[in-house]
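Letters A, B, ... are given to chains in the order of the sequence lines, protein chains preceding strands, and every chain is numbered from 1.
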Amino acid sequence: MDIREIIARYQDKPGGLIEAYHAIQDEFNYLPQEAIREASLAFGISEAQAYGVATFYSYLSVEKRGKYIIRMCESAPCHVAGADELLKALEKTLGIEVGQTTPDGKFTLELAECVGQCQETPVITINSVPYTDMSPDKISAVLAQCT
Amino acid sequence: MIRLTINGREVEAPRGSTLLQACQLNGIEIPTLCYDPDLRLAGSCRMCIVECKNRPLFLASCVAPAEEGMVIETHSDQIMQARRVILELLAARHDFSCQTCDKNGDCTFQDYCYEYGIKESSFEDGGRRIYTVDDPNPFLERDYNKCIMCTRCVRACEEITVARAINVENRGHHSKIAVAFDGYLEDSPCVFCGQCVMVCPTGALTSKVSAGQGRAFEVDRVLTTCTYCGTGCTLELNVKDDRVVGVSSNREEEWSPVNKGALCVKGRFGWDFINSPDRLTTPLIKENGEFREASWDEALDLVAQRLQEVKDQHGPDSLAMFTSARVTNEENYLAQKFTRAVLGTNNVDHCARL
Amino acid sequence: MAQEYRIVLANAGKIDPASLDDYLNAGGYKSLEKVRTMSAKELIDLVRSSKLRGRGGAGFNAGMKWGFVPETAPETYVVCNLDEGEPGTYKDRTIVEADPHLLLEGMAICAHAIRSKQGYIYCRGEYPFVVDHLNRAIEQAKQSGQLGDFNIEVRMGGGAYVCGEETALIESIEGHRGEPRFKPPFPGVAGLWGKPTVVNNVETFANLPAIVKNGSEWFASIGSPNYPGTKVFTLTGDVVNRRPFEVPTNTTIRELIFDLGGGIPNGKAFKAVQIGGTSGAFIPEHLLDTPLDFDSMRDAGITLGTGAVFVMDETRDMVDVVTRIAKFFEHESCGKCNPCREGTFRSYELMKKIKTGQATPSDVENLSTLSKVMTKACLCGLGQAAPTPILTTLEHFSDDYKRRLLAAIS
Ligand SMILES: Cc1cc2nc3c(=O)[nH]c(=O)nc-3n(C[C@H](O)[C@H](O)[C@H](O)COP(=O)(O)O)c2cc1C
Ligand code: SF4
Ligand code: SF4
Ligand code: SF4
Ligand code: SF4
Ligand code: FES
Ligand code: FES
């Protein structure tokens, strides 16, 4: 769907800017400049403000990202459960560092704070779907589900 | 009126005042960085904090309502220490280059560092973020290595000029003042009015046109009226060694009733013609396609003679007067009077009507 | 032996959360019906006298909070805080996943008290599946007319812990950067779009149907007298049973960790527990007999917070954990106010210095001074609470710090 149409769906919602951004990200996985410009027009705010909002929230991105966004929780409960080793293993398997996207545009690896699944730590999410009680040896099986 | 105790003294303040107003009214000085009387409140710099009896937290006086019976300390040891820590935190991200800074001597942040004895910061270990100073516009320099994130510029741009060119980008320690996509002012709705420069309490925003030509303590500030248009904004010409080296705002309503210090790009940055060698300083008369210098008497006689000739030959309605916004109201009045009474025509108009 | 006592999780596991009929058969929406026969004032009095206090962290009497909304306000809003950003907390998700209509009914009860037609649930961006789940429940409730003319909309956050702070949350619903506002004015007077707004936590709302049904005396008689009722705790870290427990508020920390939680796994010894999420205090062994109610905890110099219970065994190094936590705050500070924006950054830097054995005692001194200033000078609760882990570990686990400093000298 085209950016303008997506934004139009939220235009009449008071304060719907962030909802519109989420919807754009559902489609593109990030916020293209055009989306921020269009949103500023649709919601009657300045471009600077629309950009300020886009850069405030961790889950919104103004940089291009991969098809699958892998987030590694590093909050304290996951930290003591071995988040560091898991992160190293993820980096090794994917061949990228945190903040990067694989050359084929498939995976982006990000750090996250607690995703609220701390009953089984450590936790990663892939496009917001949680995978709990993770360990380095489970990585390939989980990644294999991403097609 | 309500009554409260500030620094052991019982004082009065009108109901509805903030603690800051109550203090100011009673001659107690409170340091402020993000507060600006002409802008909406932010309550964010926390320099104006005071202690209030029976309240566990410090109160930011610029936003805290003064209440009946409050017992306030504005300069207790705890408060002084907290302000020092806040200044040290800001100092740790600040590029102190006062020697070459155009704000030197007129910098609120420098003043407070002096007052609170901040020579160096105990938080400098990890260094500071370095921002490249790069905005190719001809008018204002943006050096965020000197920014203290008070957001006065953002609010001035939104509320006074309504250009809405700048905002805060990112979050937390990564936040910075930016135009959309962290680009250049030129590509934004910025109109280069310099209101942001006017309100900036540091050298983060300065005039490129004045750069290096004189600091606040070296210049005389001559209160005058902008000559560019009929709005008649008040401004101050900054004069050093008989040369105009800059323009500053006088924000007091009493002196600047029309604009309260706000200016447009012409008034604030368009003054360098004053010292331009290309500027005309005597009348010129064109003879055989060439201009030659003339005296005022000679020039005025010529104009009077030609006006008379035209009027005699073709009648008064062959003449018209078109006046300029760059002269004062009084001069405009005289011009139309002259047109009607002396030239004898009602053909009179003004560029502001175009 | 301490036991669970379920009010907000009473239906959990017993009904199909996707089925409105299940909820109705379990007595659902009966309290809302009852409330409609009461005046707003009667309802507020009922809630106030039940002594139900906010379960989102600040522990404010819910009925009193509703009472701040001016009676003549033409437009008011009910906002549910489902931001659940405190690391180690998953209770609100647990409640909503198990029993979404309970929350909707609770919000509708509040709406009656403050004459509101519009509610919002602010759900954290980490829970898109909860958003879908709630939207389905709202649709069901609307279709069957349970909510009357009260409308509820779910808004999703974008991954910003600070948006759990009520005024930042309001800013975010308005589509802005999630920066807290200064208070006063409080949301009860000027909140969402400047209109009187009640913001309550999921668990606070979820207690309301039972209170309306069984009366305020019933509720006030459960648990500790000053903070009655139950509290849902979520156990994480080095503890055998890592799951949510709903217990009366006079349960002690020790009972929660050792009786219900099953103690420390692998035969290790207890070292510390952090309660209330990442902004909570680190609690040593000798405070474990404190009851889990707001006032008792506060009197012991600790905070109840959200109900996260993060247990650490003897092998854990407090400096390591607190360094990680310091990074959390550096990342989550909104950046609006100086002491927090710069302070969280410098605290993290100093903690890293300590952790890597490069710090001197004067660095620790510095960190401690900075921390104390932040607790009093920051604009919102984030910056005010960020130093708590540092200050409480400095107090109770100073050996972990000293060891690092010695390393620096040798
Ligand atoms: C940084 C910060 C984060 C917060 N996060 C939450 C949260 O995730 N959920 C919540 O209910 N309250 C949170 N609060 C507390 C809210 O500001 C507010 O007090 C609460 O939602 C009121 O609801 P209650 O009275 O029912 O507890 C947070 C406060 C601060 C300062
Ligand atoms: S902004 Fe102020 S403190 Fe900073 S270098 Fe300039 S004069 Fe000095
Ligand atoms: S110069 Fe004027 S328009 Fe440009 S950013 Fe500054 S205040 Fe805004
Ligand atoms: S540029 Fe100046 S006015 Fe703007 S935030 Fe920085 S210090 Fe404040
Ligand atoms: S304390 Fe931190 S999170 Fe709260 S307003 Fe200040 S910078 Fe923002
Ligand atoms: S700490 Fe990792 S999911 Fe909560
Ligand atoms: S002047 Fe009051 S907080 Fe900045």
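Nearest heavy atom pair, residue A/A54 against residue A/V62, reads CB-CG1, 4.0 Å. For the pair C/L382 and C/C340, the tightest heavy-atom approach, listed with the atom from each and the gap, is CD2-SG, 3.8 Å. Pairing each heavy atom of C/F282 with each of C/A272, the nearest pair is CD2-CB, 4.4 Å. Minimum heavy-atom separation, C/C80 to C/V202: SG-CG2, 3.5 Å.
For C/V154, the part lying under 4.5 angstrom from a heavy atom of chain A is the backbone only. Neither the backbone nor the side chain of A/I45 comes within contact range of chain C; no heavy atoms are under 4.5 Å apart. Only the side chain of C/C163 comes within contact range of chain A, with heavy atoms under 4.5 Å apart. For C/F310, the part lying near chain A is the side chain, with the backbone staying farther off; criterion is any non-hydrogen pair under 4.5 Å. Neither the backbone nor the side chain of A/A81 comes within contact range of chain C, judged by heavy atoms closer than 4.5 Å. Using a 4.5 Å cut-off between heavy atoms, C/I173 contacts chain A through its backbone alone, with no side-chain atom that close. With a threshold of 4.5 angstrom between heavy atoms, C/V239 does not approach chain A through any atom at all.
Within the 4.5 Å cutoff, side-chain heavy atoms of C/I170 are placed close to those of C/P187. Between A/I124 and A/C73 there is no side-chain heavy-atom pair separated by less than 4.5 Å. At least one side-chain heavy atom of C/I95 sits less than 4.5 Å from a side-chain heavy atom of C/L9. By the 4.5 Å heavy-atom criterion applied to side chains, C/I275 and C/I302 are not counted as neighbours.
Your options are A/P130, A/A83, A/G15, and the one with the most heavy-atom pairs under 4.5 Å with chain C is A/G15. Among the candidates C/G237, C/G85, C/G157, the residue making the largest number of heavy-atom pairs closer than 4.5 Å to chain A is C/G157. Taking chain C as the reference chain and counting heavy-atom pairs below 4.5 Å, the highest number among A/L17, A/V53, A/V129, A/V80 is found for A/V80. For the set C/G88, C/A160, C/G178, the count of heavy-atom pairs under 4.5 angstrom toward chain A peaks at C/G178.
With sequence neighbours left out, the ring pair (Phe, Tyr, Trp, His ring centres under 6.0 Å) criterion links C/F345 to B/H173.
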Across chain C and chain A, going purely by atom type as modelled, what donor-acceptor pairs are there at a distance under 3.5 Å?
unit_1: A/K13; atom_1: NZ; unit_2: C/E153; atom_2: OE2; d: 3.4
unit_1: A/P14; atom_1: O; unit_2: C/R155; atom_2: NH1; d: 3.3
unit_1: A/P14; atom_1: O; unit_2: C/R155; atom_2: NH2; d: 2.8
unit_1: A/G15; atom_1: O; unit_2: C/R155; atom_2: NH1; d: 3.4
unit_1: A/E19; atom_1: OE2; unit_2: C/M156; atom_2: N; d: 3.0
unit_1: A/H22; atom_1: NE2; unit_2: C/M156; atom_2: O; d: 3.3
unit_1: A/H22; atom_1: NE2; unit_2: C/G157; atom_2: O; d: 2.8
unit_1: A/G52; atom_1: O; unit_2: C/R177; atom_2: NH1; d: 2.8
unit_1: A/Y57; atom_1: OH; unit_2: C/S172; atom_2: OG; d: 2.9
unit_1: A/Y57; atom_1: OH; unit_2: C/H176; atom_2: O; d: 2.7
unit_1: A/Y57; atom_1: OH; unit_2: C/G178; atom_2: N; d: 3.3
unit_1: A/S58; atom_1: N; unit_2: C/G158; atom_2: O; d: 3.2
unit_1: A/S58; atom_1: N; unit_2: C/G159; atom_2: O; d: 3.1
unit_1: A/S58; atom_1: OG; unit_2: C/G159; atom_2: O; d: 3.0
unit_1: A/Y59; atom_1: N; unit_2: C/G158; atom_2: O; d: 2.7
unit_1: A/E74; atom_1: O; unit_2: C/R324; atom_2: NE; d: 3.1
unit_1: A/E74; atom_1: O; unit_2: C/R324; atom_2: NH1; d: 2.7
unit_1: A/E74; atom_1: OE1; unit_2: C/K327; atom_2: NZ; d: 3.3
unit_1: A/E74; atom_1: OE2; unit_2: C/R324; atom_2: NH2; d: 3.0
unit_1: A/E74; atom_1: OE2; unit_2: C/K327; atom_2: NZ; d: 3.1
unit_1: A/H79; atom_1: NE2; unit_2: C/D320; atom_2: OD1; d: 3.3
unit_1: A/H79; atom_1: NE2; unit_2: C/D320; atom_2: OD2; d: 2.9
unit_1: A/V80; atom_1: O; unit_2: C/R316; atom_2: NH1; d: 3.2
unit_1: A/V80; atom_1: O; unit_2: C/R316; atom_2: NH2; d: 3.4
unit_1: A/E113; atom_1: OE1; unit_2: C/R324; atom_2: NH1; d: 3.2
unit_1: A/E113; atom_1: OE2; unit_2: C/R324; atom_2: NH2; d: 2.9
unit_1: A/C114; atom_1: O; unit_2: C/R124; atom_2: NH1; d: 3.3
unit_1: A/C114; atom_1: O; unit_2: C/R124; atom_2: NH2; d: 2.8
unit_1: A/G116; atom_1: O; unit_2: C/R93; atom_2: NE; d: 2.8
unit_1: A/G116; atom_1: O; unit_2: C/R93; atom_2: NH2; d: 2.8
unit_1: A/Q117; atom_1: OE1; unit_2: C/R93; atom_2: NH2; d: 3.3
unit_1: A/Q119; atom_1: OE1; unit_2: C/R93; atom_2: NH2; d: 3.1
unit_1: A/T121; atom_1: OG1; unit_2: C/R242; atom_2: NH1; d: 2.7

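For A/K92 (side chain) and A/L87 (main-chain N/O), no donor-acceptor pair under 3.5 Å exists by modelled atom type.
Rounding to the nearest 0.5 Å places NZ of A/K67 at 10.0 Å from CG of A/D104.
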